[in-house]
Structures are given as structure tokens and as C-alpha cells.
Amino acid sequence: MLLSLFFFSLCFAGGYSDPVTCSGIVPHRQRTDTISITDFGGVGDGRTLNTKAFREAIYRIEHVRRRGGTLLFVPPGVYLTESFNLTSHMTLYLAAGAVIKATQELGNWPLIAPLPSYGRGRERPGGRYVSFIHGDGVRDVVITGENGTIDGQGDVWWNMWRQRTLQFTRPNLVEFVNSRNIIISNVIFKDSPFWNIHPVYCSNVVVRYVTILAPRDSPNTDGVDPDSSSNVCIEDSYISTGDDLVAVKSGWDEYGIAYGRPSYGITIRRITGSSPFAGIAIGSETSGGVENVLAEHINLFNMGVGIHIKTNSGRGGLIKNITMSHVYIEEARQGIKIAGDVGDHPDEKFNPNALPVVKGITITNVWGVRVLQAGLIKGLKNSPFTDVCLSEINLHGMSGPRSPPWKCSDVSGFAHQVSPWPCSQLSSQETGSCASFSRD
Ligand SMILES: *[C@@H]1O[C@H](CO)[C@@H](O)[C@H](O)[C@H]1NC(C)=O
Ligand SMILES: *[C@@H]1O[C@H](CO)[C@@H](O)[C@H](O)[C@H]1NC(C)=O
């Protein structure tokens with residue numbers, strides 16, 4: 001009797017409370033087989049090139065299958081290496097003090113095909129350099145450990161970008177393509193050449209307890225960019241980089257529209273960080289659509305824009321059911337920005353009449369101090385943003401208690417307890433919350 005009561009309360013608690021962590025999105029696997037990079041000749045002296053060791057260890061995991069998969073242990077030390085590919089059913093485990101460091105000899109860096117939803121490399125036409133750590137068509141992969149470091153040594157790449165000598169698009173630090181059941185946790189990501197963590201065409205991805213660091217002036221060092229992916233959960237992490245901390249994407253203009261793969265079921269919670277660009281972003285590449293995003297308990301310091309939903313004419317794509325709540329912003333150029341004129345085009349072949357649709361954006365419980373401009377909502381004339389609901393938002397300015405007013409155009413929706421008051425396009429609600437407003 002007592003026992004069944006106990007189980008009953010367990011189920012009750014599990015079934016009725018909000019899921020507050022990413023647990024359960026990816027099945028937990030206990031690896032029974034462990035190998036060490038040193039078994040394959042790995043040397044952690046910071047100078048020896050370990051490419052062969054990593055590729056052979058992973059070849060062994062791929063070809064000598066063990067029940068439950070294999071853990072590849074990286075002991076303390078600095079393991080310099082060229083890029084390498086992961087395989088299914090493996091854990092890459094970085095011990096405390098382990099550093100996997102990308103080489104700065106770029107002569108052999110492999111090129112791979114552009115993503116079909118982008119039609120070309122993101123920054124240069126043609127192919128793109130493979131990510132430092134890459135997984136294509138894999139499942140059941142874990143990157144974890146005791147907060148060891150994956151160091152992209154990106155400054156050579158940033159300098160090529162600055163000097164305009166890049167031939168192809170820079171590599172991400174970690175990318176998974178067409179993969180599922182991925183966990184990335186308890187790792188430090190440092191100085192990525194380009195975006196840090198890029199799951200694209202993936203499902204069931206968890207990123208938690210990570211630290212992502214890149215200098216404030218490092219170009220395009222986005223933290224985590226879920227791209228045309230579903231069931232992605234990012235939580236309990238510190239991200240401080242030179243570009244958006246988290247940006248949900250889904251392809252670029254005519255290529256993204258043709259590929260038609262949305263991002264949906266994205267949860268972002270308990271993220272702290274700093275950036276000259278956005279804290280939580282949707283876009284600007286959203287041509288496959290972005291739906292059902294929840295971002296909550298976000299703490300942002302010294303920001304460009306706190307919350308940024310960005311798209312453009314020519315993008316197409318439906319951005320729908322985006323909820324952001326409990327966001328604290330300390331020092332920002334802009335608190336909240338939702339705009340339909342952001343981002344560039346892959347080429348001249350985009351269709352300017354492919355207009356994005358933005359509807360069902362709920363932003364609640366935002367508190368900001370030293371915010372230069374509270375907010376900007378700029379819809380499209382021929383595709384106004386609808387069902388935008390703002391509630392319980394206080395954005396304080398630089399000197400006085402209130403920051404300068406919002407600017408809005410081509411938007412409709414509701415506002416409740418927003419200070420400074422957003423704009424006449426949003427109808428005022430004396431009572432209630434966004435949840436209680438009608439949405440039809
Ligand atoms: C790594 O994966 C990419 C993309 O799937 C592939 O083109 C490349 O040949 C692989 N590299 C190695 C060393 O296996
Ligand atoms: C690793 O870092 C995470 C996030 O900062 C922290 O929660 C965790 O306790 C650390 N783990 C270890 C083993 O140090």
C-alpha cells in the first residue's frame with residue numbers, strides 16, 4: 001500500500017509538473033567498453049599531432065562494435081589534432097585538464113559540400129571547411145567529461161576573415177549533420193573559428209552544463225545554433241562570445257525554402273552570458289520555418305540585443321509560437337527586437353516576394369537595466385507580424401528610470417504592463433496575461 005502510494009506520487013510528480021531539465025530527450029546509455037586515446041599513440045604534449053590517434057580510435061569504435069558502445073577517454077594533457085569525425089554509439093570523454101586543440105596548420109583542412117538548405121557556404125560561395133569535430137549521420141553520441149576543453153584556436157581563422165583572405169566558409173567547432181540522440185555536456189568550448197555548436201538536420205539533441213568562450217570581437221562565434229532541427233534542449237550553460245549566444249535557424253532564402261526543413265521543439269533555459277550581438281535569437285536564416293521555441297530564465301550582461309527575432313524579405317518561412325520569459329538584461333543597446341529587414345541573401349536568385357510570416361510571439365517577465373533602447377518591432381508591410389504579446393516587461397534606461405520608447409510598425413497584438421509602453425499597434429490590456437489573450 002505504502003509502496004504503491006510512493007510510486008503513485010512519483011508518477012504524479014513526473015506527469016504533472018513542467019519538465020524542468022533536458023533529461024529524457026536522449027536515452028541514457030551506459031558505455032561498457034572504454035579505450036584511451038593513448039592506446040592509439042595519442043600524446044598530450046601540446047605539440048605532437050594526434051590526428052592519426054583520433055581517427056584510428058574512432059575507426060576502431062566504428063568497426064569493432066561493443067554492446068552499449070564505446071567511451072573514448074582523453075586524459076589530462078593538450079592533444080593537438082586536425083579535424084576528425086565522430087561515429088555512432090560513442091562517448092568522447094575529456095578528463096579534467098584534457099584539451100583537444102585544433103591545429104593552426106590549415107593546409108590540409110578538408111572541404112565538404114555546402115548544406116543544401118544554404119545552397120553555398122554561409123560566408124563564401126562553394127563548399128565549406130569541415131567542422132573541427134564533425135558527425136554526419138550518426139546517433140547515440142555523447143561529448144562529455146570533467147569540463148575538459150575543446151579549443152578551436154580560431155584566431156588564425158578570424159584574421160583570415162578580417163583580412164578577407166578566406167577562400168571558403170570557416171569551420172564550426174562541433175557540428176552534427178543528419179544525426180539524432182546527441183548529448184553535449186560538461187565541456188568547455190574555446191575560440192571556435194566560426195559557430196561553436198551546430199546541430200543541423202538533427203533531432204533529440206541536448207546541450208547542458210557547457211561553457212562557451214570566445215573573445216567579444218571574434219567574428220561569427222555564435223554559441224549554439226540549432227538549425228533545421230527538432231527536440232533540441234539547451235540548458236544550464238554559460239556562453240560569452242562574439243556573436244549570438246543561441247540562434248535558432250532553418251536555412252537561407254530559396255535554398256532553405258526548397259529544402260523545407262523547420263526547426264521546432266527547441267527549449268533554451270538557464271543560460272547566462274554576454275555578447276555584442278543577441279542573447280537569444282531566432283534567425284536570421286529561417287526559411288524552413290521555426291516553431292515552438294521556449295526560452296526561459298535567461299541572464300544577459302553587456303549585450304547588443306537581449307532578444308532578437310530576425311528575418312527578411314526573400315526568406316519565406318513561418319516563425320510561430322515563440323515564447324520567451326524570465327529574461328534579465330543588464331546593459332544592452334536594445335532590449336527586444338523583432339524585425340523583418342535583417343540579414344543578407346545567398347545570391348541574386350532569391351525571390352523578394354517570398355515573405356516570412358511571424359505570428360504568436362509571447363515575451364513575458366523581462367527586466368532590464370541600463371538598456372539604451374527598449375524595443376523595436378518592425379514587421380513587413382505585406383506581411384505584418386501578428387499575435388505579438390508582451391507582458392510584464394520593464395526596461396530601464398541609461399540615466400532615468402525609463403529608457404526611450406519603443407518603435408513599432410506593421411505589427412498587431414497585445415501588451416500588458418510594459419514599461420516603457422510599447423506602441424499603439426499593440427492593444428492595451430488592463431488585466432490578464434499573454435496566456436489569457438485570445439489567439440484566433
Ligand atoms: C568526415 O566526414 C566528412 C563528411 O561526412 C567526409 O567528407 C570526410 O571524408 C570524413 N573524413 C574522414 C577523415 O573520414
Ligand atoms: C563542469 O561545469 C559545469 C557547468 O559550469 C558544472 O555545473 C559542473 O559541476 C562542472 N563539473 C565538474 C566535474 O567540474
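As the structure is a prediction and not an experimental result, all values here were calculated from the model. When a ligand or atom number is given, it counts from 1 through the structure's own listing order.
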*Asks:* For residues V64 and R66, determine if any side-chain heavy atom of one lies less than 4.5 Å from a side-chain heavy atom of the other.
*Replies:* yes
*Asks:* Hey, which atoms in ligand 2 end up nearer than 4.0 Å to a heavy atom of N147?
*Replies:* 1 (C), 2 (O), 3 (C), 8 (C), 10 (C), 11 (N), 12 (C), 14 (O)
*Asks:* Which ligand 2 atoms are under 4.0 Å away from a heavy-atom of N186?
*Replies:* 1 (C), 8 (C), 10 (C), 11 (N)
*Asks:* Within the 4.5 Å heavy-atom criterion, are I35 and R60 side-chain neighbours or not?
*Replies:* yes
*Asks:* Quick one: look up the protein heavy atom nearest atom 13 (C) of ligand 2 and list residue, atom name and how far away it is.
*Replies:* E146 CA, 4.1 Å
*Asks:* Specify the protein heavy atom at minimum distance from atom 7 (O) of ligand 1: its residue, its atom name, and the distance to 0.1 Å.
*Replies:* I112 CG2, 3.8 Å
*Asks:* How close does the nearest protein non-hydrogen atom get to atom 5 (O) of ligand 1, and which residue and atom is it?
*Replies:* D136 OD2, 3.2 Å
*Asks:* A quick test of your reading: do over 12 heavy atoms of other residues, nucleotides or ligands sit less than 6.0 Å from CD of Q104?
*Replies:* yes
*Asks:* Do D347 and E254 touch side chain to side chain, with heavy atoms closer than 4.5 Å?
*Replies:* yes
*Asks:* Just do the ring-ring contact (aromatic ring centres under 6.0 Å, His included) check on W367 and H396 with the steps written out, would you?
*Replies:* CA-CA 8 Å; W367 185 269; H396 300 265; 4.9 Å; yes
*Asks:* Taking distance alone, with N or O pairs closer than 3.5 Å, would you say R55 contacts ligand 1?
*Replies:* no
*Asks:* Pick, from N85, I58, V138, the option with the minimum heavy-atom distance to atom 14 (O) of ligand 1.
*Replies:* N85
*Asks:* Answer yes if a protein heavy atom lies under 4.0 Å from atom 9 (O) of ligand 1, otherwise answer no.
*Replies:* no
*Asks:* With side chain to side chain donor-acceptor pair (under 3.5 Å) as the test, pick out the partner of H198 among D227, D222, D225.
*Replies:* D227
